[in-house]
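Residues: numbered from 1 along the sequence shown. Worth saying up front: this structure is predicted, and the values here are computed from it rather than measured.
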Amino acid sequence: MTEKVILVDHLISEINKGTFQSNKKLPSEHVLADQFKVPRMVVRKAYEQLQDLGYIYSRQGKGSYVQDSKKQIPLILSGDVSFTEKMKELHFPFQTMTIFCEEIPFDEKIFQNLNVGSDEKVFKIGRLRLIEDLPIALHTSFVAQSIFPEIEKDGPGITSMFLYYKQRGFVEFGANSSTLNVIFPTPTEREVLQCSNLVPLLQVESECVDKNSGQVLEHTVIIYRSDYFTYVI
């Protein structure tokens, strides 16, 4: 391992143990360089990586400080309970912002999963999930207009897809098998989720199905910030 990696691992371990507490100043570059017998540039690069990972923040002219510990939210990755209901059960102060509703061009995978033809209209509705004003997840639902004729008009105002479905007569939900991938954020995702390119994201794809009719209601792609969640599968 390089000197920088060894130093980063050491500092993360000390932060996790509580040796360096939230909002407390970390040792200066000079002090750490002497302690680990490395050039100050190595310490500087280590601090830059820790900042990208969200462990520390800097104050110009004052040094580096430990970032407040993030909430670790237990999240059950199931398709039969809405995100809103999950957060209410866990008593987290959350909010939802609908940030887009737009028709998508033909996508073979999505159209096939929705069981619609290439000549039909499919819309994607994106909802940003926030806890204490911090963005933690982006939910994108792909919905066929043939199933929900008013989706283009209603989409911008939808904050809970499950509630929207219930209002239209679908009351019991299930999910097909889910696909999980670990990805790193694109520039757009970094901007929306306010994270660096080093924070891994967990991407979950599945279909929400009406249990009574077997009708596929939506194809869902959810991106979670991995530094805010623990996962129950």
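- With respect to the salt-bridge test (charged N to carboxylate O, under 4.0 angstrom), the residues R40 and D34 do not qualify.
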Item checked: Worked verdict on H139 versus R129 for side chain to side chain contact (heavy atoms under 4.5 Å, CB included) -> CA-CA 8 Å; H139 288 214; R129 312 297 197 176; 3.4 Å; yes

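- Heavy atoms only, all atoms of each residue included: N181 and T179 are closest at ND2-CG2, 3.7 Å.
- Distance check, rounded to the nearest 0.5 Å: OG1 of T140 to CD1 of I223 gives 6.5 Å.
- Looking at heavy atoms from C-beta onward, L32 lies in side-chain contact with L11 at the 4.5 angstrom threshold.
- In this structure, H10 and F36 have side chains that are in contact, with non-hydrogen atoms separated by less than 4.5 Å.
- For Q95, the CD atom sits in a packed shell: over 12 heavy atoms of surrounding residues, nucleotides or ligands are nearer than 6.0 Å.
- E205 is listed as a side-chain neighbour of K109, based on a closest heavy-atom distance under 4.5 Å.
- Once rounded to the nearest 0.5 Å, the distance linking CD of Q67 with CD1 of I56 reads 9.5 Å.
- Below 30°, between 30° and 60°, or above 60°: for Y164 and F148 the angle between ring planes is between 30° and 60°, a tilted geometry.
- Two residues are said to be in side-chain contact when any heavy atoms from C-beta on lie closer than 4.5 Å; M161 and R127 meet this criterion.
- For the atom pair I147 CD1 and R168 CZ, the distance stands at 13.5 Å (nearest 0.5 Å).
- In summary, the aromatic rings of F111 and H219 are positioned with their centroids too far apart to meet the 6.0 Å limit.
- Under the 4.5 Å side-chain criterion, counting only non-hydrogen atoms from C-beta, D9 is not in contact with I6.
- At least one side-chain heavy atom of Y47 sits less than 4.5 Å from a side-chain heavy atom of L26.
- A donor-acceptor contact shorter than 3.5 Å links the side chain of T98 to the backbone of I158.
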Check: Between T220 and E207, is a side chain to side chain contact (heavy atoms under 4.5 Å, CB included) present by the stated rule, with each step listed?
Finding: CA-CA 6 Å; T220 308; E207 282 77 50; over 6 Å; no

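- Of the N and O atoms on the side chains of E218 and S141, at least one donor lies less than 3.5 Å from an acceptor on the other residue.
- One hydrophobic cluster holds both I151 and Y165 under the rule that ILVMFWY side chains link at heavy-atom gaps under 4.5 Å.
- Under the 3.5 Å distance criterion, the side-chain polar atoms of S213 are matched with a main-chain donor or acceptor of Q215.
- Considering all non-hydrogen atoms of both residues, V182 and P200 come closest at CG1-CB, 4.1 Å.
- The side-chain tip of K124 points at the ring of F100 from less than 6.0 angstrom away and within 45° of straight on.
- Linking Ile, Leu, Val, Met, Phe, Trp and Tyr residues whenever their side-chain heavy atoms come within less than 4.5 Å places V221 and V116 in a single cluster.
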Next item on the list: Quick one: do Y65 and S22 satisfy side chain to side chain contact (heavy atoms under 4.5 Å, CB included)? Show the steps, please.
Entry: CA-CA 8 Å; Y65 296 77; S22 297; over 6 Å; no

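- In plain terms, the two heavy atoms of V122 and L114 that are nearest each other are CG1-CD1, 3.8 Å.
- Contact annotation: the side chain of L130 approaches that of M97 to within less than 4.5 Å [non-hydrogen atoms, C-beta and beyond].
- Scanning both residues, E120 and S146, for their nearest heavy atoms gives OE1-OG, 2.8 Å.
- In this structure, CZ in F184 is found 8.5 Å from CG in N197, a value given to the nearest 0.5 Å.
- A ring-centre distance under 6.0 Å is not found for F142 and F123.
- Between V199 and S226, the shortest heavy-atom distance links the atoms CG1-OG, 4.3 Å.
- Considering CG of L50 and CD1 of I12, their distance stands at 5.5 Å, rounded to 0.5 Å.
- Transitive grouping of hydrophobic side chains (ILVMFWY, heavy atoms separated by less than 4.5 Å) brings V204 and F94 into a common cluster.
- Grouping the Ile, Leu, Val, Met, Phe, Trp and Tyr side chains by contacts below 4.5 angstrom, directly or via other members, places V31 apart from V66.
- Here the shortest heavy-atom pairing between A33 and V43 reads N-CG2, 3.7 Å.
- Considering only heavy atoms from C-beta on, L217 comes within 4.5 Å of F170 through its side chain.
- Sequence neighbours left out, not one pair with a member in residues 169-197 passes salt bridge (Lys or Arg N to Asp or Glu O under 4.0 Å).
- In this structure, the side chain of K25 engages the main chain of K62 through a donor-acceptor pair within 3.5 Å.
- A salt bridge between E29 and K45 is absent, with no side-chain N of the basic residue lying under 4.0 Å from a carboxylate O of the acidic one.
- At a cut-off of 3.5 Å, with distance as the only test, no side-chain donor of N16 or S13 sits close to an acceptor on the other residue.
- Linking Ile, Leu, Val, Met, Phe, Trp and Tyr whenever their side-chain heavy atoms come within less than 4.5 Å puts I131 and L202 in one cluster.
- The line from CG of L138 to CD1 of I222 is 9.5 Å long, rounded to the nearest 0.5 Å.
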Item checked: From CA spacing to verdict: side chain to side chain contact (heavy atoms under 4.5 Å, CB included), T96, L128 -> CA-CA 6 Å; T96 296; L128 185 64; over 6 Å; no

